[in-house]
2 protein chains.
Amino acid sequence: MQLTSIWRIVEVMKHALNQKPDYEKELRKAGVRITRPRRIIIDILTSTEDHPDAMKIFHRAIEIDDSISLSTVYRTMNLLEEMGAIHRHAFNGGPSRFEQAHGEHHDHLIDIDTGAVVEFKSDKIEKLQEEIAKSLGYDIVHHRLELYGRKTRHSS
Amino acid sequence: MQLTSIWRIVEVMKHALNQKPDYEKELRKAGVRITRPRRIIIDILTSTEDHPDAMKIFHRAIEIDDSISLSTVYRTMNLLEEMGAIHRHAFNGGPSRFEQAHGEHHDHLIDIDTGAVVEFKSDKIEKLQEEIAKSLGYDIVHHRLELYGRKTRHSS
DNA sequence: TTACCAGTTGAGAATCTTTGCAACTGACGT
DNA sequence: ACGTCAGTTGCAAAGATTCTCAACTGGTAA
């Protein structure tokens, strides 16, 4: 265990508790343990604006606690993704990049020219999905809707 | 070059030309060369009912022409996916599995317990997607809708 | 038919991601 | 506080996918 970074950890936890009061509750509700690596990784995700890949998250994490392993980063990303807490994007074969899901669920429109991601949400679509699943004998646990498009060109 | 399997190749090509008269035209139209590896891989995809992963496709391919490399299988899958000719599915971290896109576009409902895939299509949803994209200033090139669910349990 | 050349391939290295397993540690009950 | 144990972790190794680059080959034009 790294004792040298104890204060940074306290700092992080304090920060984390302010920014995302629900995550830990969500996690516990899902029967998931709140471990130190997870707390640190979640904090990194909630306090960043960019869409880091696993390696980047790993590097940021080991600055806070250098015992964290890359495996754990990956495992945590998968866990959070399944919970719907983050989204994973993979552009043209590069490594997956992750983004914190905002409180509300939303879908994505990806600009195939620039990779830009636009978030949107449609209750109508959600409702239709429910109906379809029901008619097929299923309950939806979660879903993924991604539109790939390019900016509309007018005239020309 | 494998000359030993020349007759199998002729067989394959004949077959291919019957089953999917459009693929090669589509490919050429997209400025893509029709090479022997691609022909063989496409034939494998069009003549199978299951959802093979890259390694399985590779093994089937080298039975016809043992000079084909795994790299080429992956490259071809990416190519076909971009063209919309096949769909890629990735269940719980396992390797990607591929499925020929049927003439008609369709979406997927994935059983999270068994991995079973149900195909469906909803004009309503398609239409809503168009509207949403339009209102965001985009034209949809393609999209992916995946519902993850589990069989509805009655009573109990 | 032949020559040409940009697109494609095979092989292996590099990169990205998951997994097996022994050691460790939260959460819960006492 | 303390013990317990299923859930987690770190590490190393395996597995999956992409990349690099020299050699090769379809399609085109002469």
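Chain naming here is simple, since letters A, B, ... match the order of the sequence lines and numbering starts at 1 in each. These numbers come from the heavy atoms of this one structure, side chains and all, not from hydrogens, waters or symmetry mates. Because the structure is predicted, anything quoted here is derived from the model rather than measured.
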Can a donor-acceptor pair under 3.5 Å be found between the side-chain atoms of [X] and the base atoms of [N]?
{"X": "B:Arg75", "N": "C:dG10", "answer": "yes"}
{"X": "A:Ser69", "N": "D:dC11", "answer": "no"}
{"X": "A:Ser71", "N": "C:dT17", "answer": "no"}
{"X": "B:Arg33", "N": "C:dA6", "answer": "yes"}

Rounded off to whole Å, could you give me the [atom1]-to-[atom2] distance for the [X] and [N] pair?
{"X": "B:Ile68", "N": "C:dG12", "atom1": "CD1", "atom2": "P", "value": "17 Å"}
{"X": "B:Met55", "N": "D:dA14", "atom1": "CE", "atom2": "P", "value": "15 Å"}
{"X": "A:Ile40", "N": "C:dT25", "atom1": "CD1", "atom2": "P", "value": "13 Å"}
{"X": "A:Arg88", "N": "C:dC16", "atom1": "CZ", "atom2": "P", "value": "14 Å"}
{"X": "B:Arg38", "N": "D:dC24", "atom1": "CZ", "atom2": "P", "value": "19 Å"}
{"X": "B:His59", "N": "D:dG15", "atom1": "NE2", "atom2": "P", "value": "12 Å"}
{"X": "A:Asp65", "N": "D:dT8", "atom1": "CG", "atom2": "C1'", "value": "14 Å"}
{"X": "B:Met77", "N": "D:dT18", "atom1": "CE", "atom2": "C1'", "value": "15 Å"}

- Task: Compare side-chain N and O positions of A:Arg36 against OP1 and OP2 of C:dT25 and report whether any pair is under 4.0 Å apart.
- Result: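 No, A:Arg36 has no side-chain N/O under 4.0 Å of OP1/OP2 on C:dT25.
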- Verify the contact: side-chain N or O of A:Thr35 to OP1 or OP2 of D:dT8, cut-off strictly under 4.0 Å; return yes or no.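 The answer is no; no side-chain N or O of A:Thr35 sits under 4.0 Å from OP1 or OP2.
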- Between B:Ile34 and B:Tyr74, which has a closest nucleotide on DNA chain D that is more 5'?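 Closer to the 5' end of DNA chain D: B:Tyr74.
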- Closer to the 5' end of DNA chain D via nearest nucleotide, is it B:Val32 or B:Gly94?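 Residue closer to the 5' terminus by nearest nucleotide: B:Gly94.
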- Message: Is the distance between the ring centroids of B:His51 and B:His87 under 6.0 Å?
- Response: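 Aromatic pair excluded; centres sit 6.0 Å or further apart.
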- Closest to side chain of A:Asn78, choosing from D:dT17, C:dG7, C:dT18: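 Output: C:dT18.
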Short N-O contact, [X] and [Y], less than 4.0 angstrom:
{"X": "A:Asp65", "Y": "A:Arg36", "answer": "yes"}
{"X": "B:Asp50", "Y": "B:Arg60", "answer": "yes"}
{"X": "A:Arg144", "Y": "A:Glu146", "answer": "yes"}

- Which is true for A:Asp53 with a 4.0 Å heavy-atom rule: it touches a base, it touches only sugar-phosphate, or it touches nothing?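 Counting heavy atoms under 4.0 Å across all strands, no contact is made by A:Asp53.
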- For the pair A:Thr76 (side chain) and A:Thr72 (backbone), establish whether a donor and an acceptor sit closer than 3.5 Å, ignoring hydrogens and angles.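 Flag set: sc A:Thr76 to bb A:Thr72 pair under 3.5 Å.
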